[in-house]
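The chains referred to below are lettered A, B, ... by the order of the sequence lines, with proteins before strands, and numbering in each begins at 1.
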Amino acid sequence: MKAPEREVTNRDVAERLTLMARLLGIAGEDQYRIAAYERAGRQIDRLSLPVAGLDEEELTRIPGIGERIAGQIREIAATGTFGELRDLQETIPGSVVDLLGVAGVGPKTLHTLYKKLGIQSLDDLEQAVKGHRLRALSGFGAKREETIQRGIEQFRRRPNRMTRPQADAVLAALPDGPYTVAGSYRRGSSTVARLTIVAIEDRPETREGGDDGVDVRFTEPGRCGTALLCATGSAAFLERLGEVAARQGYRLTPEGLVEAANGRLQEFASEEEVFLFLGMETVPPELREDRGEIELALRHALPGLVGISDVQGDLHAHTTWSDGRQSLEDVAEAGERRGYEYVVITDHSSRVRPEALTKQQAEIERVNRHHDCRLLSGSEVDIRSDGTLGYENRILADLDLVIASVHSGFSQDQDVLTRRILTAMENEHVDVIGHPTGRLLGRRPAYGIDLERVIAHAAATGTALEINASPHRLDLEDIYIRQAKMKGVKLAIGTDAHRIGEFANMRYGITLARRGWCTPDDVLNTRSLSALLEWTS
DNA sequence: GCCGTTTTCGGCCCGACTGTTTTCAGTCG
């Protein structure tokens, strides 16, 4: 038995257990046994206490962890894995497990494909689809072959980019030291291909760092301004800024501004000093995309962007009443800790029967008596595939805020999908369209809708569009946020929090709103409670 | 596999949707 090379984290344990669940699924095991491992994995993942130090008795006190899995967790803590998992891994290659990432392929399908057709890899699967070997199996037909073929194409195209939490994890693992994160991360991009950091040293050696997907640039304190500016980009922004400098007789370099006439170097300790020297307003990193910001900065006319401190509440939260893991009390407490005036409870219409919704409203009133942060009664109501909404109008009329979202029928053609959303906006009770494009970063592309039509109709009907702040969605994308804002459409930033920790994702939503040039006035939840309620009524 | 208990085995979240079926299984959220 080999000891693990580093301390085993809860994430490591959770990953092992989740992998066990997947392998059992492919092996065709009992679904409840599979579910037990999935549940255990989720449970460990959300635990704040490090699980590696617990003994078996303490472990079994965690809901969903019994004697068996407790023993396996102890084994993971000691050796990095566990025997039963190793045994299963020997019978099922890892390349088979990866196929679960193909949309339309679930555990049951994969079990059949693996056992009956011996499919072990993406290439195998594609060959089988192309050779029409799937439709020979019972339960499979031409349509499923097409679905899986689309899934394969999408899987192959998936970009190799980090989500922001993945990037944060890489940054957290870096050794301490004076440095600033630059690049697209600093500009607030929704995903990051490569991390760029500027390390500040008194006597920088001439060297290039670049381990572990991190690009390190060294500078000294006196030159930090241009170094950071150049490392932050974007390329288009820097090119345009270079032109501004050139018109004044300078060349922009990471070391400083070089006088064209005599090669003398002008150094700057901060970005602000560079912009000041060039006679410009400081351009916030989120705007540095060459979308007109340089011209405005020269005229000192940049918009006053919305900031996290402008936020008065969260407009999108789930609880245990649907698929969330937090109670109403948990939400009220989380809102209080964040200094919010309100949080809107927006459980899924598909999971809360009308009678339960009435009960929830009573419960919300009860919770509100004990907390300063006011819970509002809302819903995330499905826009069903036939275009109808998940609740009748008389129920929607009773709610403080209604978010309407598409959760199904993603593959409908663009016109049908677009019209579903337009129709939803026409309902007088619908206040917000949730995650308007439905994308899941790195997993699923945006569904095909005509966003220009959606934005125009949002303006016409006075419906807000959501900026979904979940780092796995970050939906709407910045250029559409800006288009919406320019048409007078309000943006509703919601975290879509399913558990307490996710309220902190608001910062991602704010970053995205800033990339869309939003001022506080463009964002619905910068309003006070009374102003918000006035807007919705 | 876990849990709760009618203490040793039966139930485990569920609704919408799709495709392949003629009543259901699998996927997805």
Novice: Is the base of B:dT18 syn or anti, if syn means a glycosidic angle within 90° of 0?
Specialist: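 For B:dT18, whose glycosidic angle is more than 90° from 0, the conformation is anti.
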Novice: Can you list the residues that meet the side-chain hydrogen bond (donor to acceptor under 3.5 Å, both in side chains) rule with A:Gln326, with sequence neighbours excluded?
Specialist: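 Result, side-chain hydrogen bond (donor to acceptor under 3.5 Å, both in side chains) vs A:Gln326: none returned.
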Novice: For B:dT6 and B:dG1, measure between their C1' atoms and round to the nearest Å.
Specialist: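 These two C1' atoms come out 22 Å apart once rounded.
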Novice: Report the relative orientation of the aromatic rings in A:Phe82 and A:Tyr37; use parallel for angles under 30°, tilted for 30 to 60°, perpendicular for over 60°.
Specialist: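 Parallel, since the angle between the ring planes stays under 30°.
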Novice: Could you tell me the separation between the CD atom of A:Gln43 and the C1' atom of B:dC3, rounded to a whole number of Å?
Specialist: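 So the two atoms are 13 Å apart, to the nearest Å.
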Novice: Would you indicate, yes or no, if B:dG1 has its OP1 or OP2 atom less than 4.0 angstrom from a side-chain nitrogen or oxygen of A:Arg68?
Specialist: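 Answer is yes, contact under 4.0 Å.
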Novice: Nearest to the side chain of A:Arg444 - B:dC2, B:dC28, B:dT27?
Specialist: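 The closest nucleotide is B:dC28.
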Novice: Taking B:dT20 as the reference, what is the distance to B:dG26 when you measure between their P atoms (whole Å, please)?
Specialist: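 Comparing P positions in B:dG26 and B:dT20 gives a spacing of 14 Å.
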Novice: Just to be sure I understand the rule, does A:Gly104 reach a base, reach only the sugar-phosphate, or reach nothing, if contact means heavy atoms closer than 4.0 Å?
Specialist: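 Answer is sugar-phosphate: A:Gly104 comes under 4.0 Å of backbone atoms only.
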Novice: Could you tell me how far apart A:Phe410 (CZ) and B:dT18 (C1') are, to the nearest whole angstrom?
Specialist: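 So the two atoms are 13 Å apart, to the nearest Å.
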Novice: Partner of B:dT8 by Watson-Crick or G-U wobble geometry, both contacts under 3.5 Å, or none?
Specialist: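 B:dT8 is unpaired by these criteria.
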Novice: Would A:Asp413 and A:Arg419 count as a salt bridge (charged side-chain N to carboxylate O under 4.0 Å, His left out) here? Give the steps.
Specialist: CA-CA 10 Å; A:Asp413 77 51; A:Arg419 274 196 301 211; over 6 Å; no
Novice: Categorize A:Ile34 for me: base, sugar-phosphate, or nothing, with a 4.0 angstrom heavy-atom threshold over every strand shown.
Specialist: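 Nothing, no heavy atom under 4.0 Å.
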Novice: Take atom CZ of A:Arg144 and atom C1' of B:dG26, then tell me their distance rounded to the nearest Å.
Specialist: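 It is 7 Å, rounded to the nearest whole Å.
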Novice: Taking any heavy-atom pair under 4.0 Å as a contact, classify A:Ala35: base, sugar-phosphate, or nothing.
Specialist: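 No contact.
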Novice: Reckon A:Ile62 touches a base, only the sugar-phosphate, or nothing at all at heavy-atom distances under 4.0 Å?
Specialist: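 Touches sugar-phosphate only.
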Novice: Nearest of B:dG29, B:dT27, B:dG1 to any side-chain atom of A:Lys108?
Specialist: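 That would be B:dT27.
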Novice: Can you tell which of B:dT27, B:dG1, B:dT20 lies closest to the side chain of A:Lys143?
Specialist: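 Looking only at side-chain atoms, A:Lys143 lies closest to B:dT20.
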Novice: Under a plain distance cut-off of 3.5 Å, with no hydrogens placed, do A:Asp323 and A:His498 share a side-chain donor-acceptor pair?
Specialist: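 Their side chains do contain a donor-acceptor pair, which is all the 3.5 Å distance test asks for.
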Novice: When the C1' atoms of B:dT22 and B:dC28 are compared, how many Å lie between them, rounded to an integer?
Specialist: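 Those two atoms are separated by 24 Å.
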Novice: When you look at A:Arg135 and A:Glu145, which way does the salt bridge (charged side-chain N to carboxylate O under 4.0 Å, His left out) test go after all the steps?
Specialist: CA-CA 7 Å; A:Arg135 61 182 71 174; A:Glu145 275 181 355; 2.7 Å; yes
Novice: Rounding to an integer number of Å, can you tell me how far A:Ile65 CD1 sits from B:dC3 P?
Specialist: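 Taking CD1 of A:Ile65 and P of B:dC3, I get 8 Å after rounding.
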Novice: Roughly how many Å apart are B:dC3 and B:dC13, using the P atom of each and rounding to a whole number?
Specialist: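 Nearest-Å result for B:dC13 against B:dC3 at atom P: 13 Å.
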Novice: Using atom C1' of each nucleotide, how far apart are B:dT7 and B:dT18 to the nearest Å?
Specialist: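 Nearest-Å result for B:dT7 against B:dT18 at atom C1': 44 Å.
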Novice: Calculate the interatomic distance between A:Asp347 atom CG and B:dC13 atom P; express it in whole Å.
Specialist: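 Those two atoms, CG and P, are 17 Å apart.
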Novice: Could you tell me whether A:Arg11 atom CZ has more than 12 heavy atoms of other residues or ligands within 6.0 Å of it?
Specialist: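 Not more than 12 within 6.0 Å, no.
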Novice: For a side-chain contact (heavy atoms from CB on, under 4.5 Å) with A:Val402, tell me which candidate from A:Asn427, A:Val344, A:Val432, A:Val430 qualifies.
Specialist: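 So the option named by the test is A:Val430.
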Novice: Check nucleotides 5-12 of chain B for protein N or O atoms closer than 3.5 Å to its own N or O atoms and list the pairs.
Specialist:
none

Novice: Please determine, by modelled atom types, if A:Gln154 and A:Arg444 share a side-chain donor-acceptor pair under 3.5 angstrom.
Specialist: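 Per modelled atom types, A:Gln154 and A:Arg444 side chains form no pair under 3.5 Å.
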Novice: Can you confirm whether the side chains of A:Asp347 and A:Thr319 place a donor and an acceptor under 3.5 Å from each other?
Specialist: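 Present: a donor and an acceptor within the cut-off.
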Novice: Return the polar atom pairs (N/O with N/O) between nucleotides 14-17 of chain B and the protein under 3.5 Å, or none.
Specialist:
residue, atom, partner, partner atom, Å
B:dC17, OP1, A:Ser385, N, 2.6
B:dC17, OP1, A:Ser385, OG, 3.4

Novice: Answer with yes or no whether the side chains of A:Asp475 and A:Asn468 bring together a donor and an acceptor at under 3.5 Å.
Specialist: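 Per modelled atom types, A:Asn468 and A:Asp475 side chains form no pair under 3.5 Å.
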Novice: With heavy atoms under 4.0 Å as the rule, sort A:Ala21 into base, sugar-phosphate or nothing.
Specialist: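 A:Ala21: no heavy atom of the nucleic acid under 4.0 Å.
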Novice: Using whole Å, report how far CZ of A:Arg135 lies from P of B:dT21.
Specialist: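 Going from CZ in A:Arg135 over to P in B:dT21 covers 12 Å.
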Novice: Are A:Glu329 and A:His371 linked by a side-chain donor-acceptor pair shorter than 3.5 Å?
Specialist: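 Checked: A:Glu329/A:His371 side chains show no N/O donor-acceptor pair below 3.5 Å.
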Novice: Take atom NE2 of A:His111 and atom P of B:dG26, then tell me their distance rounded to the nearest Å.
Specialist: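 Rounding to the nearest Å, NE2 of A:His111 and P of B:dG26 are 10 Å apart.
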Novice: To the nearest angstrom, how far is A:Leu137 atom CG from B:dT21 atom C1'?
Specialist: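 For the pair A:Leu137 CG and B:dT21 C1', the rounded distance is 16 Å.
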